[in-house]
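First comes the structure, then the notes that go with it.
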Number of protein chains: 2
Amino acid sequence: MNLSFTEENYLKNIFHLNFNVDENVSTNALAEVLNTKAASVTDMLKKLSEKELVNYEKYQGVTLTKIGEEQAITVIRKHRLWEVFLVEKLNFKWDEVHDIAEELEHINSEKLINRLDEFLNFPKTDPHGDPIPDKNGVLKSQELIPVSKLKVGDKGLISGVREHSAEFLKYLDKTGLILGESLNIIEIINFDGSVMLLIKGKQQMISREVANNLLIAT
Amino acid sequence: MNLSFTEENYLKNIFHLNFNVDENVSTNALAEVLNTKAASVTDMLKKLSEKELVNYEKYQGVTLTKIGEEQAITVIRKHRLWEVFLVEKLNFKWDEVHDIAEELEHINSEKLINRLDEFLNFPKTDPHGDPIPDKNGVLKSQELIPVSKLKVGDKGLISGVREHSAEFLKYLDKTGLILGESLNIIEIINFDGSVMLLIKGKQQMISREVANNLLIAT
DNA sequence: TAAAAAATTTAGATTAACCTAAAAATTGGT
DNA sequence: ACCAATTTTTAGGTTAATCTAAATTTTTTA
Ligand SMILES: [Mn+2]
Ligand SMILES: [Mn+2]
Ligand SMILES: [Mn+2]
Ligand SMILES: [Mn+2]
């Protein structure tokens with residue numbers, strides 16, 4: 001299977017969109033995340049369908065075939081392992097690695113990626129808490145829930161983010177909301193959904209927006 | 001300067017061809033190393049000339065401009081640093097790294113490559129003995145000479161190769177002719193130019209072909 | 001120094017990945 | 001159940017990087 005850079009990006013994004021909302025992925029949704037136009041997406045879906053990488057019926061959206069999904073997961077594995085490398089070995093911050101990993105994820109060598117995995121000690125998650133598929137394409141995701149779903153008195157460990165923008169990640173860094181910290185819910189303000197946390201022995205307020213995008217393992 | 005994968009390969013190969021034989025690089029020579037056709041090369045040279053990356057006159061071959069050379073050297077720096085990474089950190093053998101580095105050399109991030117350089121402890125040469133340009137694009141190459149230029153009684157340190165094929169590199173590995181070994185010239189056979197070496201206390205015969213492609217620092 | 005040979009360029013196509021504008025299908029509100 | 005809004009597809013380009021075949025220029029050789 002020799003896929004182009006572009007084809008790999010289509011498969012990866014179909015996977016992510018389907019993962020988030022479990023239904024056929026729409027042409028427009030893909031055009032949006034791929035920064036392209038719906039007409040271009042239609043063209044590419046026909047081509048991917050021809051190659052049996054996606055199930056596509058006109059006007060019905062698209063899903064990945066078994067093979068398409070395997071390819072998508074391989075790309076995601078590469079993306080996340082490179083992110084770990086950049087953070088752990090090259091001292092990048094978690095908000096700096098995504099764009100570089102977008103390029104590195106297309107490097108084509110199974111041996112390379114498996115050696116990298118080994119070099120990094122077979123990490124289970126990437127710097128954003130996202131699970132890393134193993135070499136057989138098995139992706140086991142721990143069930144994480146947003147802080148906004150917790151009740152007063154609940155506690156948990158910061159374990160992931162829903163939103164991956166550098167903006168948001170830098171905000172979390174600055175306010176000490178980093179992966180691995182444990183927190184308690186002190187109070188939930190009805191008025192605007194903001195939440196008072198106890199973290200590192202100090203009280204700290206976060207907005208509903210932030211509470212929605214910060215993921216906890218309980 | 002945002003160059004395509006293809007443009008970078010043209011610049012890099014013009015640099016290498018010009019480095020080896022110091023004259024304008026011919027269309028056919030480029031077509032050969034780039035695995036393409038002369039007509040395609042002509043098209044691209046016009047485009048690179050338009051962008052002021054090469055000096056090109058119809059029928060006269062091509063050289064790099066200052067800017068073109070800087071770009072070429074950046075690509076070469078990336079290629080060689082990645083090769084060091086693959087050998088030193090991921091335990092690849094020196095005959096396995098070139099093709100992967102051909103892909104990695106196009107990853108676009110100055111920060112990444114400088115961090116990698118640091119992570120590797122600012123290596124001076126790659127696994128094949130080729131010099132690595134520094135972050136300012138300064139490439140200082142030690143003068144190496146092929147074994148075939150030595151006389152009986154001369155000695156030296158194996159320090160590089162002229163030919164980079166996996167075939168040749170594996171042969172050198174197998175016969176113990178690896179970088180860093182010192183050798184003495186015991187005898188030169190007039191008939192076929194083959195050379196008897198003393199290496200690691202043992203005598204060993206190599207063909208003229210091998211002697212031509214194995215480089216020594218004296 | 002004029003052919004012949006070799007190298008190079010031009011002309012005219014092709015392919016992948018895009019685009020805009022217009023047409024067709026689906027969906028959702030009444 | 002219809003119509004209007006929305007979504008998606010089709011039609012007809014474009015651009016970068018290729019190609020083959022033919023034309024042109026340079027180089028070599030006799
Ligand atoms: Mn990422
Ligand atoms: Mn990530
Ligand atoms: Mn190489
Ligand atoms: Mn090398």
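Owing to the predicted nature of the structure, the values given are computational and were not obtained by experimental measurement. Each chain gets a letter, A, B and so on, in the order its sequence line appears, and its residues count up from 1.
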Short side-chain to backbone donor-acceptor contact, B:Arg77 and B:Gly137, under 3.5 Å: no

Aromatic A:Phe85 / basic B:Lys89 pairing, under 6.0 angstrom, 45° off normal: no

Residues passing the salt bridge (charged side-chain N to carboxylate O under 4.0 Å, His left out) test with B:Lys149, sequence neighbours excluded, are none

Within the structure shown, what part of the strands sits under 4.0 Å from B:Thr27 by heavy-atom distance: base, sugar-phosphate, or nothing? sugar-phosphate

With a 3.5 Å cut-off and sequence neighbours excluded, list the donor-acceptor pairs that the side chains of residues 11-19 of chain B form with protein atoms.
unit_1  : atom_1 : unit_2   : atom_2 : d
B:Lys12 : NZ     : B:Glu102 : OE1    : 3.0
B:Lys12 : NZ     : B:Glu102 : OE2    : 3.0
B:Lys12 : NZ     : B:Glu105 : OE1    : 3.2
B:Lys12 : NZ     : B:Glu105 : OE2    : 2.7
B:Asn13 : ND2    : B:Asn9   : O      : 2.8
B:Asn18 : ND2    : B:Glu23  : O      : 3.0

Within the pair B:Asn28 and C:dT8, is there a side-chain N or O less than 4.0 Å away from OP1 or OP2? yes

Counting only heavy atoms not in A:Asn190, do more than 12 fall under 6.0 Å of its CG? no

What is the distance, to the nearest angstrom, from the CD atom on B:Glu23 to the P atom on C:dA7? 13 Å

Evaluate A:Leu3 against A:Leu53 for side chain to side chain contact (heavy atoms under 4.5 Å, CB included), listing each step before the verdict. CA-CA 10 Å; A:Leu3 302 176; A:Leu53 294 163; 3.7 Å; yes

How many Å lie between CG on B:Leu3 and C1' on D:dA16, as a whole number? 14 Å

Contact under 4.0 Å: A:Tyr56 side-chain N or O vs D:dT9 OP1/OP2: yes

Taking CG from B:Leu34 and C1' from D:dC19, how many angstroms apart are they, rounded to a whole number? 15 Å

Rounded to whole angstroms, how far apart are CG on A:Asn24 and P on D:dT7? 16 Å

Do any pairs count as a side-chain hydrogen bond (donor to acceptor under 3.5 Å, both in side chains) and have a residue in residues 26-35 of chain B, sequence neighbours left out, and if so which ones? none

Assign B:Phe5 to base, sugar-phosphate, or nothing according to its heavy-atom contacts below 4.0 angstrom with the strands shown. nothing

Could I get the full list of salt bridge (charged side-chain N to carboxylate O under 4.0 Å, His left out) partners for B:Lys174, not counting sequence neighbours? none

Ranking B:Gly61 and A:Glu7 by the position along DNA chain C of their nearest nucleotide, the one closer to 5' is B:Gly61

Atom CG of A:Asp43 and atom C1' of D:dT8: how far apart are they, to the nearest Å? 12 Å

Looking at the rings of A:His164 and A:His98, which for Trp means the six-membered one, are their centres under 6.0 Å apart? no

Dump the pairs, protein N or O against N or O of nucleotides 23-26 of chain C, anything under 3.5 Å, distances to one decimal.
unit_1 : atom_1 : unit_2  : atom_2 : d
C:dA25 : O4'    : A:Tyr59 : OH     : 3.2

Side-chain N or O of B:Thr36 closer than 4.0 Å to phosphate OP1/OP2 of D:dC19: yes

Grab the CD-C1' distance between A:Glu32 and D:dT7 for me, whole Å please. 14 Å

Between C:dT8 (P) and B:Glu57 (CD): distance, integer Å: 15 Å

Taking only N/O atoms, report every protein-nucleotides 20-22 of chain D pair under 3.5 Å with atom names and distance.
unit_1 : atom_1 : unit_2  : atom_2 : d
D:dT20 : OP2    : B:Lys37 : NZ     : 3.2

Atom pair distance, as rounded to whole Å: CG in A:Asn35 and P in C:dC19: 9 Å

